[in-house]
Amino acid sequence: MQPPRKILLNPGPATTSATVKEALVQSDICPREREFGDLMQEIATDLVRVVSGDTDEYVAVLFAGSGTAAMEACVASLPGPGKKILIVENGAYGTRMRQIAEIYEIPVVSYRILYGDYPDLSQVEALIAADDISHVFVVHHETTTGMLNPVADISRLAFRYGREIVVDAMSSLGGIPINVQETPYDYIISSANKCLQGMPGLSFVICKRKSLMAGGKKRRSYYLDLPAQYQGFHSTHQMPFTPPVQVAYALRQALREFFAEGQEGRSARYRKNFDILYAGLKALGFGFLLPPEQESGILLAVCEMDHPAFSFDDLHDFLYARGFTIYPGKGAKEATFRLSILGDLYPEDIHSFLKHLKEYLVQSGIPHGKNESA
Ligand SMILES: *Cc1c(COP(=O)(O)O)cnc(C)c1O
């Protein structure tokens with residue numbers, strides 16, 4: 001029996017399909033069995049397919065843990081001794097990468113601008129050009145603000161100077177096409193529970209095999225050791241440490257649903273949901289943090305209404321009681337709250353959300369849009 005369906009407008013863990021939820025219930029199995037190794041191999045191969053990669057050139061390395069585990073595995077494993085990493089920091093996830101580096105005492109140069117400001121490529125290039133930079137870390141879709149960072153442009157700069165590029169594609173992979181044949185990223189980080197629409201508990205790094213195998217790295221973590229995690233699975237067909245078994249079955253189902261819908265189909269559905277949300281909010285009188293051309297089309301940072309009766313917490317509770325979850329802001333340059341359409345959501349869900357949002361505004365006596373008397 002399925003529990004009641006909820007509409008999650010937080011940026012993951014997302015609303016999942018009934019079939020992904022059902023995939024969690026499986027016969028108990030020891031993850032050291034060949035059958036389970038085959039499942040993990042199938043997932044890894046499919047993840048490479050998501051980025052249109054060739055399995056001779058790219059591999060996917062999975063970790064038990066939320067997305068931050070895979071971020072930490074990259075930061076802790078990749079830079080060699082005496083090397084510096086460059087981080088493009090225009091949101092909380094860029095900041096998180098810097099903080100991880102600081103904990104491991106990895107020298108880091110941060111291109112730090114306000115959350116919501118767009119990176120200036122010539123300034124980024126000047127930092128990439130410094131001799132001792134070995135890796136450039138950048139967030140694809142900055143979930144803090146909804147900004148789509150120019151990762152392909154930054155990658156081209158990194159390649160020009162012989163730096164490796166690490167992309168945090170946590171909240172974009174599956175929702176926005178990423179094609180390693182067009183831009184051969186060295187490392188792409190993501191997790192099961194955002195645009196891939198699986199359950200939380202597994203994160204992964206899709207790695208260019210040549211970069212992963214290259215020497216000159218430094219081992220700093222026992223558990224979050226990217227090359228060792230790959231070698232461990234590759235040589236034994238077993239995950240080195242206990243994986244979240246049921247979550248893996250759900251991810252396999254989510255990947256099957258991704259390929260059935262197709263990247264184009266999923267992107268189109270997300271785009272449609274986003275456009276409905278954007279137009280609906282605008283009609284209700286809301287403004288947005290970013291100009292339209294910088295929007296990811298996956299998450300919208302909405303400016304809080306400048307009205308004494310508007311309260312995010314009240315709005316949250318009103319909507320939550322009706323089955324909708326909205327998300328607070330996170331340090332953007334203006335006071336915002338966030339709405340994300342990633343997940344198994346459809347236009348009728350967004351229309352229904354907008355209807356309830358309007359009801360809240362009416363009930364609170366907050367003017368909403370052009371037809372205030374309506
Ligand atoms: C969600 C997210 C993460 C990871 O968050 P977890 O809570 O550890 O899963 C990292 N980067 C970005 C851009 C994200 O959206």
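Counting starts at 1 for both ligands and their atoms, following the listed order.
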Atoms in ligand 1 flagged as close to Val139, the criterion being non-hydrogen separation under 4.0 Å: 13 (C)
Part of Met71 with heavy atoms under 4.0 Å of ligand 1, whether side chain, backbone, both or neither: side chain
Shortest protein contact, atom 14 (C) of ligand 1 (heavy atom only): Lys194 NZ, 2.9 Å
Part of Asp168 with heavy atoms under 4.0 Å of ligand 1, whether side chain, backbone, both or neither: side chain
Thr183 (side chain) donor-acceptor with Tyr185 (main chain) under 3.5 angstrom: no
Side chain, backbone, both or neither: the part of Glu142 lying under 4.0 Å from ligand 1 by heavy atom: neither
For Arg96, the ligand 1 atoms whose distance to one of its heavy atoms is below 4.0 Å: 4 (C), 5 (O), 8 (O)
Candidate list Val108, Asp132, Leu127, test side-chain contact (heavy atoms from CB on, under 4.5 Å), partner Lys84, passing option: Asp132
Gly67, any N or O under 3.5 Å of ligand 1 N or O: yes
Side chains of His141 and Ser296, donor plus acceptor under 3.5 Å: yes
Per-atom contacts of ligand 1 with His141, taking only distances under 4.0 Å to non-hydrogen atoms: 13 (C)
Expected output: side-chain Arg269 to main-chain Leu345 donor-acceptor under 3.5 Å: yes
Shortest protein contact, atom 13 (C) of ligand 1 (heavy atom only): Thr143 OG1, 3.2 Å
Ile341 backbone acceptor or donor facing Asn273 side chain under 3.5 Å: no
Protein heavy atom at shortest distance from atom 7 (O) of ligand 1: Ser66 OG, 4.0 Å
Glu142 side chain to Thr144 backbone, donor-acceptor under 3.5 Å: yes
Polar side-chain atom of His356 near backbone of Ser352 as donor-acceptor pair, under 3.5 Å: yes
Atoms in ligand 1 flagged as close to Ser171, the criterion being non-hydrogen separation under 4.0 Å: 15 (O)
Ligand-side contact atoms (ligand 1) for residue partner Thr68, heavy atom cut-off under 4.0 Å: 4 (C), 5 (O), 6 (P), 8 (O)
Gln2 side-chain N/O to Ala18 backbone N/O, donor-acceptor pair under 3.5 Å: yes
